[in-house]
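Hydrogens, waters and symmetry mates are skipped; everything else that's a heavy atom, side chains included, is used. Each chain gets a letter, A, B and so on, in the order the sequences are listed, and its residues count up from 1.
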2 protein chains.
Amino acid sequence: MIKNKDLEKELVQKGYKITRQRKIILDTFARLKKRWITAQELYEIVIEKNPKINFSTVYRNLDILTRISILCKIDKGQGVYYYSLNNKDHHHHLICKLCGKTKSIHFCPLEYIDTENFQDFTIVEHKLEIYGYCKECMKDRLVSSGK
Amino acid sequence: MIKNKDLEKELVQKGYKITRQRKIILDTFARLKKRWITAQELYEIVIEKNPKINFSTVYRNLDILTRISILCKIDKGQGVYYYSLNNKDHHHHLICKLCGKTKSIHFCPLEYIDTENFQDFTIVEHKLEIYGYCKECMKDRLVSSGK
DNA sequence: TGCCTAAATGCAAGTATTTGCATTTAATTA
DNA sequence: TAATTAAATGCAAATACTTGCATTTAGGCA
């Protein structure tokens, strides 16, 4: 189970300050566990505890927390980003194009290439997102198309 | 060499109409060859030829052309999307985090998994972007950090 | 050629996210 | 504990992109 105190410790270690706003944000993600939420949803939750927190503060913190890998940010293809606590093992995502459900996958393409000096690039980051239809949505598609 | 007439033919085949606006957009990409541009840059070029073309038309066409794989859309991590003509062979990109230079790579992670029914998902799309430093930028980084 | 209709466009307003700058505050040090 | 200061926040405006709806138009057909 992920504790917000541990997340705070990690922030401090990396030289960030623990503000009231940050505490609330971290606490929210700790409660949500692995559920994905948008910046808007986070803002609505957070504002209950501190009505004067600003939207730009939410965005700025999402950005920082994503950069230092406390959060994971994905594009489900709906024009909005989704965020959730990052399980620390390196992974990528399968994303259902219909219901938005995601599944972590532990397959990583970089295991298949030499990252040190690949095509004259020194690789430091990468992003693999695989889109498709989950079992349930696939079933619905087959039914509705009469197959 | 890519001809705008060929691109128009492809659009017609797929059931899209050839409008004045679309002609200008396709023509622009054909001229630019493989150069990456943003929606804003495209708009500025396009408006020279038809001053009353609308921004939403530009965005809508970029979207359609990307969907049908005439264009390729990438996130260079600068908060803006870049578009260019898609070379038809399936590929992904290496992107320099400093100068934004890109390089097509012909390595594809899906060659390593069974896409038909991977973890109960039926895969239909995917996106792999690899970020790093190109040779030149890496050299500059080493110099500036005194190594 | 003129008529017809679905597709495309223009416009204006909306949403999602970012940024610059003045103010506040966490956390270090005296 | 008070002073200090760099980091974080709030606010307002900017940017990037999307959408709904009324109008226009490409392209098929009489």
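In this structure, B:Q40 atom CD and D:dT18 atom P are separated by 12 Å, rounded to whole Å. The distance from atom CD of B:Q78 to atom C1' of D:dC17 is 17 Å, rounded to the nearest whole Å. Per the geometry, NZ belonging to B:K73 stands 14 Å off P belonging to D:dA16, to the nearest Å. Atom P of nucleotide D:dA26 and atom CD1 of B:I64 are separated by 15 Å, given to the nearest angstrom. Rounded to whole Å, the distance from CG on B:N54 to C1' on D:dT25 is 16 Å. If you measure from atom CD1 of A:I47 to atom P of D:dC11, you get 10 Å, rounded to the nearest angstrom. To the nearest angstrom, P of D:dT25 lies 16 Å from NZ of B:K23.
Put simply, the residue from A:K5, A:R22, A:K88 that forms a salt bridge (charged side-chain N to carboxylate O under 4.0 Å, His left out) with A:E10 is A:K88.
Each of A:R60 and B:F55 has a nearest nucleotide on DNA chain D; the 5'-most of these lies closest to A:R60.
Remark: the B:S56 side chain and the D:dC17 base include no donor-acceptor N/O pair separated by less than 3.5 Å.
Classified by interplanar angle (parallel below 30°, tilted 30° to 60°, perpendicular above 60°), the ring pair B:F55/B:Y59 is parallel.
Applying the 4.0 Å criterion to OP1 and OP2 of D:dT18, one finds that B:Y59 has every side-chain N and O outside that range.
A distance of 6.0 Å or more separates the ring centres of B:H126 and A:H93.
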Expected list for residues 99-112 of chain B: side-chain donor-acceptor pairs under 3.5 angstrom, two or more places apart:
{"residue": "B:K101", "atom": "NZ", "partner": "B:E136", "partner atom": "OE1", "Å": "2.8"}
{"residue": "B:T102", "atom": "OG1", "partner": "B:W36", "partner atom": "NE1", "Å": "2.8"}
{"residue": "B:K103", "atom": "NZ", "partner": "A:Q119", "partner atom": "O", "Å": "3.1"}

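Using a 4.0 Å cut-off between charged side-chain N and carboxylate O, A:E125 and B:K97 make a salt bridge.
Less than 4.0 Å separates DNA chain D from at least one heavy atom of each of the following residues of residues 13-22 of chain A: A:Y16, A:K17, A:T19, A:Q21, A:R22.
Residue A:D63 is out of contact with every strand shown, counting any heavy-atom pair closer than 4.0 Å.
Cation-pi contact between B:K73 and B:Y81: present, with separation from the ring centre below 6.0 Å and deviation from the ring axis of at most 45°.
Residues B:L32 and B:L85 have side chains not in contact (no heavy-atom distance under 4.5 Å, counting atoms from C-beta outward). Taking 4.5 Å as the limit, every side-chain heavy atom of B:N4 sits out of range of all side-chain heavy atoms of B:F29.
From the 5' end on, the contacts that DNA chain C makes with chain A at under 4.0 Å to a non-hydrogen atom open and close at C:dA16 to C:dA27.
A continuous path of hydrophobic side-chain contacts links A:F121 to B:I130 [ILVMFWY only; heavy atoms under 4.5 Å].
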